[in-house]
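The structure appears right after this line, and notes come after that.
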Amino acid sequence: MEVNIEARRILAVSISKLYASRTQRGGLRLHRSLLLSLVMRSARDIYHSSRESEGPSGAQSAPEEPMDTSSSPGEQTRLPEPQQEPAFNSAETDKENLSPAKQSRKRRGKASAAPDFLPSKRARLEPGEERYEFLTHTLLIFKLKVCWSTLGHSLQGQSFITGRRMVPPSTSLACCH
Amino acid sequence: VRFIKSQIRLQSTDIISTVEFNYSGELLATGDKGGRVVIFQHEQESKNRPHLRGEYNVYSTFQSHEPEFDYLKSLEIEEKINKIRWLPQQNAAHFLLSTNDKTIKLWKISERDKRAEGYNLKDEDGRLRDPFRITSLRVPVLMPMDLMVEASPRRIFANAHTYHINSISVNSDHETYLSADDLRINLWHLEITDRSFNIVDIKPANMEELTEVITAAECHPHQCNVFVYSSSKGTIRLCDMRAAALCDRHSKFFEEPEDPSSRSFFSEIISSISDVKFSHSGRYMMTRDYLSVKVWDLNMENRPVETYQVHEYLRSKLCSLYENDCIFDKFECCWNGSDSAIMTGSYNNFFRMFDRNTRRDITLEASRESSKPRATLKPRKVSTGGKRKKDEISVDSLDFNKKILHTAWHPKDNVIAVAATNNLYIFQDKIN
């Protein structure tokens with residue numbers, strides 16, 4: 001059960017990192033994105049396998065010690081800021097994303113179903129958290145493969161979720177390919 | 001492993017992103033996040049203090065790369081200098097290659113200590129004289145002037161990398177060099193900027209099937225047909241350019257079997273190799289992953305010959321290091337001139353040295369306190385057990401914002417350069 005909670009936490013952290021990395025200066029880092037997706041896959045597999053076994057997670061990875069985050073100064077990962085709203089709206093209107101997201105709400109039971117590992121019972125959802133949860137649902141429905149292909153595509157110039165269009169600084173040089 | 005006496009702390013305005021001695025060790029180049037290159041020169045020992053080596057002083061500073069914008073992909077291209085590599089010196093000028101994520105530049109650094117004077121082509125106010133008014137031929141004379149060091153870009157190697165460049169390496173033929181990004185390695189000729197040869201391409205036809213990326217690449221120090229590249233999966237491939245134009249099939253494949261008992265969520269991340277360096281002899285190579293440094297014999301592919309733990313006490317903290325992004329830090333490593341010792345960085349401004357012969361290791365700190373002039377560096381220790389001895393520092397007190405990613409060792413002497421964020425420390429050993 002501990003591993004299950006840990007897997008959920010790592011998944012949540014990974015998704016927010018993945019999301020935040022898209023607006024990073026210098027563009028998506030392929031290496032970092034790959035490592036994030038590997039962690040996400042491990043965490044997802046462990047989460048689902050522990051859910052199916054409905055009990056002790058068995059001989060899985062050694063549980064991490066509950067971390068004292070005071071030992072790690074520097075920015076903690078935060079939920080995406082409300083400025084992420086434009087990205088979210090694009091996702092809604094983007095045809096690529098629309099149907100699977102709708103289907104996922106109907107599909108139940110299998111591992112690819114809408115995950116409930118994020119706490120679903122809350123007194124109220126903050127606006128940022130609401131968007132965060134929808135984004136999480138969307139990403140996991142695609143599984144990591146589709147998410148991965150979009151990362152690959154976005155590096156080649158096509159956008160999945162366009163996010164904020166970069167406004168070129170007035171002094172920069174044009175770079176023609 | 002000797003005690004090193006502190007010598008210089010030089011503060012930069014920006015985070016230092018690469019450090020490299022030239023072939024003779026006379027010059028030390030640093031690149032930073034702002035796209036600047038600063039070169040230090042070793043001053044000769046002064047006659048007043050013959051027991052000390054000379055100091056390194058600023059020789060030249062120039063802006064190598066500027067931020068750019070790729071309009072096609074709506075991406076900003078950072079000006080941060082990822083790597084600097086010197087060319088062997090062939091004449092009075094010095095040449096180096098510096099690269100950011102997308103563009104490599106060849107810079108010429110030359111000295112000017114004479115100026116031509118005595119022209120009779122201009123009036124006193126600086127205006128050009130009418131040619132009809134000039135009635136005599138006066139040959140200008142070279143007069144001494146204050147030394148001026150000029151840096152000029154001689155070649156710009158651009159538009160060859162779709163992904164982010166992580167390595168450049170000058171070949172032993174002194175004519176070619178390679179550049180590596182996440183998925184491809186290109187071979188360039190130093191004189192030709194409009195063409196490069198792609199020699200490694202690991203991009204899958206379907207990007208969904210991507211499982212590993214190239215993390216570092218280096219040319220063999222003596223065999224101009226051999227190079228290696230490391231991957232995010234902890235493997236190293238050695239390739240021979242004589243075998244095929246496209247070196248997709250490796251000649252040697254170096255991989256250590258994973259220890260199944262140490263598997264965790266983060267096993268894949270910590271096995272990713274962040275740096276690979278050939279020994280000066282060319283017989284060995286060294287790789288750095290998140291927790292260890294490994295020395296490989298090029299003749300043995302199934303496991304390294306030596307493994308050194310850099311900061312094993314972090315293994316139980318991986319989850320926290322993942323959350324604060326430290327687990328993605330890319331540490332470099334380096335050999336000393338005789339290949340008898342290796343050095344790499346850690347957190348809390350600690351850096352580690354390992355003596356390969358005696359198997360002794362030492363942890364030192366690059367900090368302002370330790371850089372009092374002529375002070376001997378005190379070895380540091382991180383306490384891992386329950387009881388913390390005096391002078392030891394506990395793992396939870398380590399400052400993970402103070403990381404030493406870049407270090408360099410003089411090719412001949414026991415002089416080391418350590419970059420701690422925006423401070424450069426130069427340490428030398430005692431001469432007594």
Side-chain angles (χ1 to χ4, degrees), chain A residues 6-7 9-10 13-14 17 25-32 34-39 42-43 46 60-77 144-159 162 165-166 168-169 171-177, chain B residues 66-78 80 101-103 158-159 162-164 166 181-183 203 206-215 232 261-269 272 316-328 330 394-401:
Chain A
E6 191 66 18
R9 194 162 76 82
I10 289 173
V13 166
S14 305
K17 279 188 194 295
R25 193 166 172 249
L28 267 174
R29 301 267 156 192
L30 191 65
H31 185 199
R32 181 186 164 93
L34 176 65
L35 295 177
L36 283 174
S37 71
L38 291 173
V39 171
S42 302
I46 287 165
Q60 277 298 342
S61 56
E64 304 286 332
E65 290 176 4
M67 278 325 310
D68 179 10
T69 52
S70 64
S71 72
S72 322
E75 52 185 66
Q76 301 292 324
T77 49
L144 291 165
K145 273 191 185 177
V146 182
C147 183
W148 188 238
S149 75
T150 59
L151 285 172
H153 284 144
S154 68
L155 275 167
Q156 290 167 40
Q158 305 161 30
S159 304
T162 54
R165 279 258 138 191
M166 297 285 291
T171 53
S172 65
L173 305 167
C175 189
C176 300
H177 286 261
Chain B
E66 298 274 2
E68 287 178 49
F69 194 78
D70 180 350
Y71 291 96
L72 197 64
K73 299 177 194 172
S74 278
L75 285 179
E76 196 176 357
I77 300 170
E78 280 189 282
K80 175 169 82 105
D101 283 336
K102 296 287 181 185
T103 304
N159 300 330
T162 308
Y163 302 96
H164 297 104
N166 53 54
D181 66 28
D182 294 312
L183 297 178
K203 185 180 176 196
N206 185 359
M207 275 298 272
E208 290 177 18
E209 292 160 19
L210 182 73
T211 54
E212 69 183 322
V213 297
I214 298 168
T215 53
S232 53
S261 65
S262 65
R263 264 207 72 75
S264 75
F265 285 115
F266 310 105
S267 298
E268 279 138 334
I269 297 189
S272 176
S316 56
K317 313 281 184 189
L318 293 179
C319 192
S320 179
L321 293 164
Y322 179 70
E323 286 182 37
N324 68 10
D325 269 0
C326 284
I327 207 172
F328 298 103
K330 295 185 184 167
S394 72
V395 180
D396 295 322
S397 316
L398 294 173
D399 188 345
F400 289 92
N401 283 328

When rounded to the nearest 0.5 angstrom, what distance separates [atom1] in [X] from [atom2] in [Y]?
X: F266(B); Y: S42(A); atom1: CZ; atom2: OG; answer: 9.0 Å
X: R32(A); Y: D325(B); atom1: CZ; atom2: CG; answer: 4.0 Å
X: F265(B); Y: R9(A); atom1: CZ; atom2: CZ; answer: 10.0 Å
X: L28(A); Y: L75(B); atom1: CG; atom2: CG; answer: 8.0 Å
X: S232(B); Y: L35(A); atom1: OG; atom2: CG; answer: 6.0 Å

**OP:** Might you point out which heavy atoms bring C319(B) and E6(A) nearest each other, and give the distance in Å?
**Re:**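 Closest approach of C319(B) to E6(A): SG-OE2, 3.1 Å.
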**OP:** Against chain A, work out which of E78(B), E212(B), K80(B) has the most heavy-atom pairs shorter than 4.5 Å and name it.
**Re:**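 When all of E78(B), E212(B), K80(B) are compared, E78(B) has the most.
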**OP:** Decide yes or no for L34(A) and E268(B): does some side-chain heavy atom of the first lie under 4.5 Å from some side-chain heavy atom of the second?
**Re:**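 L34(A) does not reach E268(B) side chain to side chain.
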Subject >> Interface moiety of I214(B) toward chain A, non-hydrogen atoms closer than 4.5 Å >> reply: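 Neither part.
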Original post:
Heavy-atom distance under 4.5 Å to chain A: side chain of T215(B), backbone, both or neither?
Top reply: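 Looking at T215(B), just its side chain touches chain A.
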Original post:
Got a donor-acceptor contact below 3.5 angstrom from the H31(A) side chain to the S272(B) backbone?
Top reply: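 Answer holds: no.
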**OP:** Kindly indicate, with the supporting measurements, whether the criterion salt bridge (charged side-chain N to carboxylate O under 4.0 Å, His left out) is fulfilled by D101(B) and R29(A).
**Re:** CA-CA 10 Å; D101(B) 283 336; R29(A) 301 267 156 192; 2.8 Å; yes
